[in-house]
Amino acid sequence: MSLQPLLDGGLRPLVQALARRSVSATEVAQAYLDRIAVANPLLNALITVDPAATLREAALADTRLASASTTPGSGSAAAALAGVPIVHKDIFCAEGWRTTCGSRMLDNFIAPYDAGVIERFKAAGATTLARANMDEFAMGSSNEHSWYGPVRNPWDLQRVPGGSSGGSAACVAAGLAPAATGTDTGGSIRQPAAWCGVSGIKPTYGRVSRYGMIAYASSLDQGGAFARSADDLALLLDVMSGHDVRDSTSVAREDAPFSASVGRDVRGLRVGIPREWFGTGLSAGVGAAVKAALAQLQALGCELVDVSLPASSHAIPAYYVIAPAEASSNLSRFDGVRFGHRTADYHDLNELYERSRAEGFGAEVKRRILIGSYVLSHGYYDAYYLQAQKVRRLIANDFALAFESCDLIAGPVTPESAFMLGSNSSDPTSMYLADIYTIPVNLAGLPALSVPAGFDAGLPVGLQLVGPWWQEGRLLQVADAYQRSTDWHLQRPAALKGEGA
Amino acid sequence: MSLSENEVRRVARLSRLAVTAAELPQLQQDLSRILDLAAQLQAIDTTGVTPLAHPSGAGAPLRNDHVTEVDRRQAFQAVAPQTERGLYLVPKVIE
């Protein structure tokens with residue numbers, strides 16, 4: 001059989017073909033590696049590709065698949081992704097793999113242990129396909145802030161893919177991987193998912209372990225995933241989520257499997273439409289696509305309800321105080337002593353710290369560390385940091401009130417579609433505005449996802465669904481119903497036709 | 001608001017980031033722009049609002065006080081810039 005349709009057909013057919021052993025994990029991994037070899041030089045979506053390491057993992061998976069097939073019933077439930085190659089954002093420590101976080105600081109860092117998320121993928125039988133490019137330390141909304149160079153959008157190579165998980169999104173969009181991991185602190189999964197035309201989910205804060213996930217802003221960071229459909233996201237989330245005692249904010253819960261949420265009717269669900277998200281900031285092209293998607297939800301039997309999130313307009317200033325404050329603290333660990341880059345030029349300990357950090361960090365990371373130090377410093381703490389935390393409360397309260405009259409919220413992911421490479425480089429704050437509809441969700445800790453919902457002048461547009469705490473299942477249910485009635489998620493970028501497949 | 005060169009130097013020192021004189025003007029401009037954005041917070045009425053430090057609002061979980069870590073010093077020091085006999089080496093700090 002030809003392997004190519006299987007590579008683009010979603011996770012479940014791939015898992016079944018591997019379990020039936022009609023195709024081997026090694027063949028699948030090699031086929032994706034072949035695509036990567038052709039397309040990655042154009043996209044720069046991956047930082048580390050190590051075919052030998054991937055094929056070793058695939059060979060091991062094949063051995064396990066062979067023994068599982070000779071002992072019926074053994075291990076089939078435990079190995080939900082047996083032999084499936086996954087691209088991981090280069091922020092998840094994976095033992096033996098270089099884990100750079102997109103930074104010169106960690107250019108030489110071979111992780112000595114596995115992140116909680118990596119452990120779970122391994123336990124599910126998945127293999128590591130490659131390590132995805134990202135904005136340095138996840139700070140960016142365009143993937144232009146990587147030590148390894150910008151990632152290009154598969155739909156238009158002159159445009160950004162979004163960020164910070166831009167490499168992960170671009171890989172899935174270009175068919176270089178069936179799925180990829182990401183992290184979302186202010187929109188870093190949903191925004192690149194929207195701009196690359198793939199599905200991406202940011203779970204509830206505390207759903208996915210942050211152990212071994214290199215910290216940016218700890219009260220906002222949450223791991224999640226990219227795939228070609230909501231159905232695939234459900235499968236990935238079943239693998240990734242769960243309590244981890246090594247992450248003190250990880251929450252122990254007994255929820256039904258997310259895979260049970262898909263394939264269901266959505267009749268009668270109340271979808272809240274925040275009126276503030278459809279104001280003057282929203283571009284006409286994105287607005288039209290999102291409104292058409294809302295009409296489709298209505299056609300599926302959902303009831304559209306007007307809701308208001310007045311404080312969400314303050315989310316960007318609040319975020320750019322809270323996230324840098326937490327970042328300045330988290331990134332103090334990079335000191336040139338225990339791991340990472342050390343300057344060659346120092347005379348005393350202070351010079352060692354200051355020069356190692358000046359050489360190891362890029363411009364955007366430095367800006368955020370400096371802002372964080374400023375807002376936390378004596379005399380400014382109350383005016384900036386404490387005030388931002390109070391505004392954060394107002395934003396969270398708005399959502400809580402809105403969810404009294406609706407089951408989920410729907411709206412745009414971004415005000416505009418993907419911008420041109422370099423077009424926001426003169427003023428760092430102009431890029432920040434791309435996250436106006438995603439940041440409020442992180443501040444409130446809520447689950448949210450983005451699914452493809454059409455095009456704006458040939459560029460993908462995302463529909464954002466936001467749920468109450470722990471209601472990822474409901475979001476996946478609605479996203480899946482939407483995808484069963486539309487084909488936006490099946491569109492492929494023309495820019496790469498004939499390149500990957 | 002506009003940050004002075006001295007204020008930029010001060011936060012760079014607090015951040016343990018070496019900043020050259022040539023970098024100062026650009027940093028001054030960029031940081032001032034970000035603080036202008038952050039200053040929008042001042043106009044919001046937050047009288048009586050309790051700060052939200054953490055989305056869940058839950059306190060820190062407690063665990064039993066026993067050793068859970070295994071000794072992986074060798075693996076962790078394999079990625080260190082400079083070690084000797086199990087110790088991390090830094091320039092002399094006491095004469």
Side-chain angles (χ1 to χ4, degrees), chain A residues 108-110 112-113 205-206 219-220 245 248-249 251 314 316-318 320-321 328 332 335-340 342 346-355 357-358 361 366-367 369-375 377 383-384 386-394 396 427-429 432 443-445, chain B residues 3 7-8 10-20 23 26-27 29-31 33-63 68-69 72 74-83 88-93:
Chain A
N108 62 0
F109 181 69
I110 308 294
Y113 69 103
Y205 184 87
S219 78
L220 301 160
V245 292
S248 63
T249 60
V251 176
H314 309 311
I316 289 180
Y320 281 98
V321 170
S328 73
S332 65
D335 57 3
V337 174
R338 289 157 303 151
F339 39 73
R342 173 181 281 198
Y346 60 88
H347 300 93
D348 58 35
L349 186 58
N350 203 49
E351 270 185 14
L352 184 153
Y353 292 151
E354 292 194 340
R355 292 186 184 172
R357 288 163 63 78
F361 293 138
K366 285 180 188 171
R367 283 194 285 268
I369 290 174
L370 291 165
I371 289 292
S373 298
Y374 183 84
V375 300
S377 66
Y384 287 99
L386 212 58
Q387 175 70 352
Q389 289 191 324
K390 289 177 183 172
V391 173
R392 184 176 190 175
R393 170 84 62 189
L394 295 177
D427 176 357
T429 60
Y432 298 173
L443 291 169
Chain B
L3 276 187
E7 283 175 302
V8 177
R10 183 182 69 93
V11 288
R13 199 164 52 246
L14 287 174
S15 307
R16 295 292 180 273
L17 276 173
V19 171
T20 64
E23 291 170 310
Q26 185 68 50
L27 268 179
Q29 190 186 34
D30 289 346
L31 298 183
R33 276 179 163 156
I34 299 170
L35 287 174
D36 280 342
L37 182 73
Q40 294 172 17
L41 293 173
Q42 314 309 333
I44 303 163
D45 183 6
T46 54
T47 316
V49 178
T50 317
L52 178 62
H54 201 274
S56 72
L62 300 177
R63 62 167 172 80
T68 54
E69 301 292 311
R72 298 207 53 215
Q74 213 171 351
F76 292 152
Q77 293 202 333
V79 292
Q82 214 184 351
T83 59
Y88 294 96
L89 295 194
V90 295
K92 200 193 259 187
V93 286

*Please report the C-alpha distance between B/F76 and A/R338 in whole Å, then the side-chain angles of each, then the deciding distance to 0.1 Å, and finally whether the side-chain contact (heavy atoms from CB on, under 4.5 Å) criterion is met.*
CA-CA 8 Å; B/F76 292 152; A/R338 289 157 303 151; over 6 Å; no

*Trace of the side-chain contact (heavy atoms from CB on, under 4.5 Å) decision for B/L35 with A/Y374*: CA-CA 9 Å; B/L35 287 174; A/Y374 183 84; 3.6 Å; yes

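For A/Y113, the parts sitting under 4.5 Å from any heavy atom of chain B are the backbone and the side chain alike. Contacts of A/N350 with chain B are made by side-chain atoms alone, with heavy-atom separations under 4.5 Å and no backbone atom involved. With a 4.5 Å cut-off on non-hydrogen atoms, A/Y205 touches chain B through its side chain but not through its backbone. Residue A/V321 touches chain B through its side chain alone, counting heavy-atom pairs closer than 4.5 Å. Only the backbone of A/A444 comes within less than 4.5 Å of a heavy atom in chain B; its side chain stays farther off. With a 4.5 angstrom heavy-atom cutoff, A/L352 touches chain B only via side-chain atoms. Of the atoms belonging to A/S377, it is side-chain heavy atoms, and not backbone ones, that fall under 4.5 Å from chain B.
Using a distance-only test at 3.5 Å, with no hydrogens or angles considered, no donor-acceptor pair links the side chain of A/R393 to the main chain of B/T46. Between the side chain of B/R72 and the backbone N or O of A/P112, at least one donor-acceptor pair lies under 3.5 Å.
A heavy-atom distance below 4.5 Å is found between the side chains of A/F361 and B/L17. Side-chain contact between A/S373 and B/R13 is absent, with no heavy-atom pair separated by less than 4.5 Å. At a threshold of 4.5 Å between non-hydrogen side-chain atoms, the residues B/H54 and A/T249 count as touching. Two residues are said to be in side-chain contact when any heavy atoms from C-beta on lie closer than 4.5 Å; B/I44 and A/L394 meet this criterion.
When the candidates B/L37, B/L41, B/V49 are compared by the number of heavy-atom contacts under 4.5 Å with chain A, B/L41 comes out ahead. Between chain A and the options B/K92, B/Q26, B/R33, heavy-atom pairs under 4.5 Å are most frequent for B/R33. When each of A/V375, A/L443, A/T429, A/D335 is checked for heavy-atom pairs under 4.5 Å with chain B, A/T429 comes out on top. For the options B/R63, B/Q40, B/Q42, heavy-atom pairs under 4.5 Å to chain A are most numerous at B/Q42. When each of B/A12, B/A38, B/A78 is scored by its heavy-atom pairs under 4.5 Å with chain A, the top score falls to B/A38.
Partners of A/Y432 according to the ring-ring contact (aromatic ring centres under 6.0 Å, His included) rule, which considers only residues two or more places apart in sequence or in another chain, are A/Y320. Every residue two or more places apart in sequence or in another chain was checked for a side chain to side chain contact (heavy atoms under 4.5 Å, CB included) with A/N108, and none qualifies.
The heavy-atom pair separating B/L89 from A/R342 by the smallest distance is O-NH2, 2.8 Å. Closest heavy-atom contact between A/L386 and B/P51: CD1-CG, 4.0 Å. Here the closest heavy-atom approach between residue B/I34 and residue A/R367 is recorded as CD1-CD, 4.1 Å. When all heavy atoms of B/P81 and A/G336 are compared, the closest pair comes out as CG-O, 3.4 Å.
Between atom CG of residue B/L27 and atom NZ of residue A/K366 there is a gap of 8.0 Å, rounded to the nearest 0.5 Å.
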